[in-house]
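Lettering follows sequence order; numbering is per chain, from 1. Worth saying up front: this structure is predicted, and the values here are computed from it rather than measured.
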2 protein chains.
Amino acid sequence: MAGKRSGTQSKRPQRKSASLQSGQEPRSEPLLSLERIVATAIELLDAEGIDGLKMRRLADRLGSGAMSLYWHVGNKEEVFDLALDSVLEYRGLPEIVASQDWRGQVVHMLEDWRAVMLRHPWSASLLPRRALGPNILSRLELMSKTLSRAGVADADLNVAIWSLWNYVIGATTTRASFDLSDEDRAAGQQRLTRLSERYPTIERSRLLLDSDWDGVFRKGLDFLLDGLAPR
Amino acid sequence: MAGKRSGTQSKRPQRKSASLQSGQEPRSEPLLSLERIVATAIELLDAEGIDGLKMRRLADRLGSGAMSLYWHVGNKEEVFDLALDSVLEYRGLPEIVASQDWRGQVVHMLEDWRAVMLRHPWSASLLPRRALGPNILSRLELMSKTLSRAGVADADLNVAIWSLWNYVIGATTTRASFDLSDEDRAAGQQRLTRLSERYPTIERSRLLLDSDWDGVFRKGLDFLLDGLAPR
DNA sequence: AATTGCATCGTACAGTGTACGATGTCAACT
DNA sequence: AGTTGACATCGTACACTGTACGATGCAATT
């Protein structure tokens with residue numbers, strides 16, 4: 001086995017989860033905290049992409065030494081996990097959740113999801129290979145509840161959820177991978193037109209060039225929902 | 001700009017594409033060749049995962065020095081690109097392609113796609129962040145052609161293709177991320193049951209535990225196809 | 001024999017994540 | 001007041017990574 005991933009609990013000092021019961025402030029500004037680390041990591045990821053996140057650079061932005069981070073965090077992978085889950089927190093709109101239009105709710109939840117991941121393109125390519133954090137699970141839970149209340153039978157529930165999940169994940173990761181730099185984009189287009197005679201159908205429909213991503217997402221989602229629960 | 005990605009053509013020596021017209025054997029066994037490098041890289045990826053592919057280890061397996069690889073390959077990223085595209089080559093079954101059952105064809109192509117990516121789990125997490133190679137484009141082209149022949153209007157073609165693509169990508173990446181080591185699996189399950197009171201619906205449907213992945217994939221795909229082209 | 005292009009390799013370097021221990025800080029207890 | 005000990009920060013060091021650069025061998029051609 002080559003597995004070297006550490007479990008959920010490490011034997012590191014690792015910092016206790018919040019104060020036990022001595023409910024007093026940590027005096028003034030902690031200088032370093034999990035929240036600040038994660039927030040700054042997200043900034044850095046947004047600005048520099050997935051390969052731009054280095055522990056030293058993160059520490060620089062925080063005005064601390066590199067090794068100081070390891071008091072709050074077990075390793076770099078944990079930073080990725082926390083950043084990903086943090087970004088995916090669902091700030092649900094109560095008025096929509098309270099409505100009876102379950103289809104509208106589902107569409108809203110999924111479009112919100114997609115919007116978040118497109119705002120932070122690194123999250124799309126990270127999601128497939130990281131564990132499920134609490135915010136991700138919350139989104140799944142909320143979706144389950146909505147579908148269940150909408151009358152989807154328990155037997156079909158898992159199929160419905162996974163289908164929608166798959167669709168969103170696929171759509172965002174694909175979309176994110178097309179959000180490359182202009183340089184890459186130009187190179188890709190050049191390569192494609194050079195090979196256009198080998199892919200005539202794709203070329204004709206201009207599949208890769210001018211797809212209306214938002215519209216395509218919405219229409220495909222409608223098709224999927226039609227299949228899941230014909231109206 | 002932090003972009004350091006190289007374009008399609010590098011100014012490296014890089015090896016000419018096949019022999020020009022002096023059609024003679026390169027004497028005996030080339031010891032090193034693009035094909036052998038890619039094949040060995042796939043072996044290594046299968047065995048050690050995405051982080052297990054190091055240039056030195058790859059060279060060891062090939063019985064060569066590390067730097068020798070760079071004659072055939074521009075950089076490590078190119079190895080990923082080649083391995084990914086190589087694995088995704090479609091060995092279509094003519095009898096199925098020739099049939100008139102377009103829905104069967106589509107299902108077959110997508111299940112084959114999924115099977116390939118589950119056989120090489122690293123490919124699932126790689127696909128979202130790499131460029132589209134010729135084999136991937138071929139698969140898209142074949143799908144386009146099939147759907148087009150099936151009577152899907154040009155206006156709906158892109159929606160249909162992207163929806164199916166999204167579904168497959170999402171399903172395989174999700175599935176692959178659940179194919180962790182037993183250790184991780186145990187830790188995840190433990191964490192989930194510990195938090196089960198916060199996710200009652202998920203817990204009840206056992207969404208994360210005993211989903212029948214193959215069945216779910218097939219059923220969801222049927223739903224999607226129903227929506228795309230009601231029978 | 002000399003040249004030329006192909007292919008391989010050894011060495012070296014600039015980064016990377018992080019192990020380890022030293023050091024500072026502050027609240028609580030004696 | 002003095003001591004302790006948990007919390008938090010940091011400097012240094014190391015193993016390991018991708019790969020730039022130049023030396024070296026080798027076959028075919030001149």
Before you tell me yes or no, could you show the steps for W162(B) and T174(A) under side-chain hydrogen bond (donor to acceptor under 3.5 Å, both in side chains), namely the whole-Å CA-CA distance, both residues' side-chain angles and the distance that decides it to 0.1 Å?
CA-CA 9 Å; W162(B) 282 131; T174(A) 298; over 6 Å; no
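For the pair D214(A) and R114(A), the salt-bridge criterion is met [side-chain N within less than 4.0 Å of a carboxylate O].
Atoms CE and CG, on M143(B) and L207(A) in that order, are 9.0 Å from each other to the nearest 0.5 Å.
Rounded to whole angstrom, the span from the CG atom of L32(A) across to the C1' atom of dC7(D) amounts to 13 Å. One can place CE of M67(B) at 12 Å from C1' of dT17(D), the figure rounded to the nearest angstrom. In this structure, the CE atom of M55(A) is 17 Å from the C1' atom of dC14(D), given to the nearest Å. Taking atom CD of E78(A) as the reference point, atom P of dG17(C) lies 15 Å away to the nearest angstrom. Atom CG of D51(A) and atom C1' of dT17(D) are 13 Å apart (whole Å). For W71(B) and dT19(D), the CH2 to P distance is 17 Å, given to the nearest whole Å. Going from atom CD1 of I50(B) over to atom C1' of dG18(D) covers 16 Å, rounded to whole Å. Between N75(A) atom CG and dG17(C) atom P there is a gap of 11 Å when expressed in whole angstrom units.
Taking the nucleotide of DNA chain D with the nearest heavy atom to each of A66(A) and R56(B), the more 5' of the two is matched to A66(A).
The residue L53(B) sits close only to the backbone: its heavy atoms come under 4.0 Å of sugar-phosphate atoms, none of a base.
Taking only side-chain nitrogens and oxygens, H72(B) comes nearer than 4.0 Å to OP1 or OP2 of dT8(C). Proximity of S68(B) to the phosphate of dA7(C): no side-chain N or O atom is located under 4.0 Å from OP1 or OP2.
Put simply, the side chain of Y90(A) reaches to within 4.5 Å of the side chain of D112(A), judged on heavy atoms.
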